[in-house]
Amino acid sequence: MAVLVLVRSPLLRLRAQLQRCWWRLERGIWPGVLGGQSSPWGPALAVQGPALLPQGINDAGESSAEAPSLLENILWMAAPKKRRTIEVNRCRRRHPNKLIEVKRNIDVCPECGNLKQKHVLCGYCYEKVKAETRLIRMEIRKKEGGPFNAPTVETVVLYEGEKPTEKDEGKRIIERARKRPSWFVQN
Amino acid sequence: SGAAWARGLLSWARPERWLASGSLFPLSCIHTSTSLQKIGKWEKKNRIVYPPQLPGEPRRPAEIYHCRREIKYSNDKMWYLAKLIKGMSIDQALAQLEFSDKKGAKVIKEVLLEAQEMAVRKHNVEFKSNLHIAESLSGRGRYVKRIRCHGKGMFGIMKISRCHYFVKLVEGPPPPPEPPRTGFDQAKEYVQQLRNRTLVHTL
């Protein structure tokens with residue numbers, strides 16, 4: 001019984017204070033003004049919780065509370081205080097971590113003599129292979145004659161003067177009318 | 001005196017208007033070349049002719065100046081590539097630029113190859129690999145302002161920036177890089193400065 005009373009009274013007082021604050025906000029009078037105010041202790045309304053208030057006061061309170069919060073947010077946005085001088089800018093832009101690093105992984109391709117990166121295929125040799133592959137694919141397209149005609153057997157590419165061996169028994173043969181390139185090793 | 005009288009007579013009639021440039025009068029200095037485009041200072045540097053060297057003098061290394069104007073790239077970004085290349089041999093520079101992912105790297109590579117060919121053909125350079133990059137600079141080109149549309153009818157003004165790239169190739173191997181200044185060197189210089197102090201305006 002005694003415990004219940006102790007718990008309930010601070011809640012009631014809190015509710016009353018909040019109501020006072022809302023009313024003062026509504027009227028535009030803040031606690032700094034003395035006098036001209038009738039009975040600061042208003043009747044404590046018996047409401048369920050401190051947040052429940054009549055709708056009109058709610059809307060007025062929200063709208064009046066929203067506008068200052070927007071303005072406050074704008075006031076607290078980060079903005080530069082002073083102009084960064086060109087000396088400071090240069091120190092930042094020319095710092096060694098911003099400069100381009102000298103690459104140490106460039107080698108010479110042993111096949112064609114062009115430059116290549118160590119972990120990447122030589123660009124020139126790859127272009128050669130791509131061109132030849134494109135021509136082989138054109139031959140395949142001519143042989144198949146349309147989409148969805150790929151056979152279920154393997155394909156063998158034969159160049160000029162080459163005959164199919166015993167290993168290429170059941171395979172599809174693509175003829176290319178040129179000498180075998182040195183990099184395309186025959187099995 | 002007869003010629004002077006004739007010149008005086010004719011100068012009253014002002015024949016410059018109906019005479020072709022390259023006139024008869026030696027006093028009138030009319031420029032014969034009509035060039036509305038200004039030839040840049042860097043391009044003119046290739047035209048200087050030194051007097052022939054004396055037999056005892058060391059051979060003056062060949063210098064080749066080349067540039068490309070109004071490249072569609074930012075000056076600040078081009079500066080990083082120019083800084084990368086400074087002081088390298090031409091082969092090393094071409095290797096670095098080939099594997100760089102930047103847009104300006106392709107442009108600078110073309111400029112270097114053009115300059116290399118110019119050096120071999122016109123500037124009496126024996127070996128095309130015996131060149132190094134003495135100077136490489138980037139300059140600001142003409143900027144153009146354009147409107148960039150944002151949402152809600154807002155717009156911003158963007159500037160389309162262009163740059164120039166200048167390079168000077170010199171014959172010979174690249175100079176060895178300077179050793180970094182140590183604290184000891186700085187201390188020595190400081191002590192030397194202290195020792196150089198004297199009394200002025202005294203006996």
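Here is how names work: the chains are called A, B, and so on, in the same order as the sequence lines, proteins then strands, and each is numbered from 1.
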So do A:L99 and B:L84 actually touch side chain to side chain, heavy atoms under 4.5 Å? no

Do other residues, nucleotides or ligands put more than 12 heavy atoms under 6.0 Å from the CD1 atom of B:I157? no

Are more than 12 heavy atoms, taken from residues, nucleotides or ligands other than A:R134, located less than 6.0 Å from that residue's CZ atom? no

If the condition is side chain to side chain donor-acceptor pair (under 3.5 Å), which residues does A:T85 pass it with, not counting sequence neighbours?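 Testing A:T85 for side chain to side chain donor-acceptor pair (under 3.5 Å), a comparison that skips the adjacent residues, returns A:E87.
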
Heavy-atom cut-off 4.5 Å, strictly under: side chain, backbone, both or neither for A:L115 against chain B?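 Contact with chain B is through both the backbone and side chain of A:L115.
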
Listed by residue number, which members of residues 145-176 of chain A have a heavy atom under 4.5 Å from any heavy atom of chain B?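 Those residues of residues 145-176 of chain A which would need a heavy atom under 4.5 Å from chain B do not exist here.
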
Note each donor-acceptor pair with a separation under 3.5 Å, taking one atom from chain A and one from chain B.
from: A:R93; atom 1: O; to: B:Y80; atom 2: OH; distance (Å): 2.8
from: A:K103; atom 1: N; to: B:Q96; atom 2: OE1; distance (Å): 2.8
from: A:K103; atom 1: O; to: B:Q96; atom 2: NE2; distance (Å): 2.9
from: A:K103; atom 1: NZ; to: B:F99; atom 2: O; distance (Å): 2.8

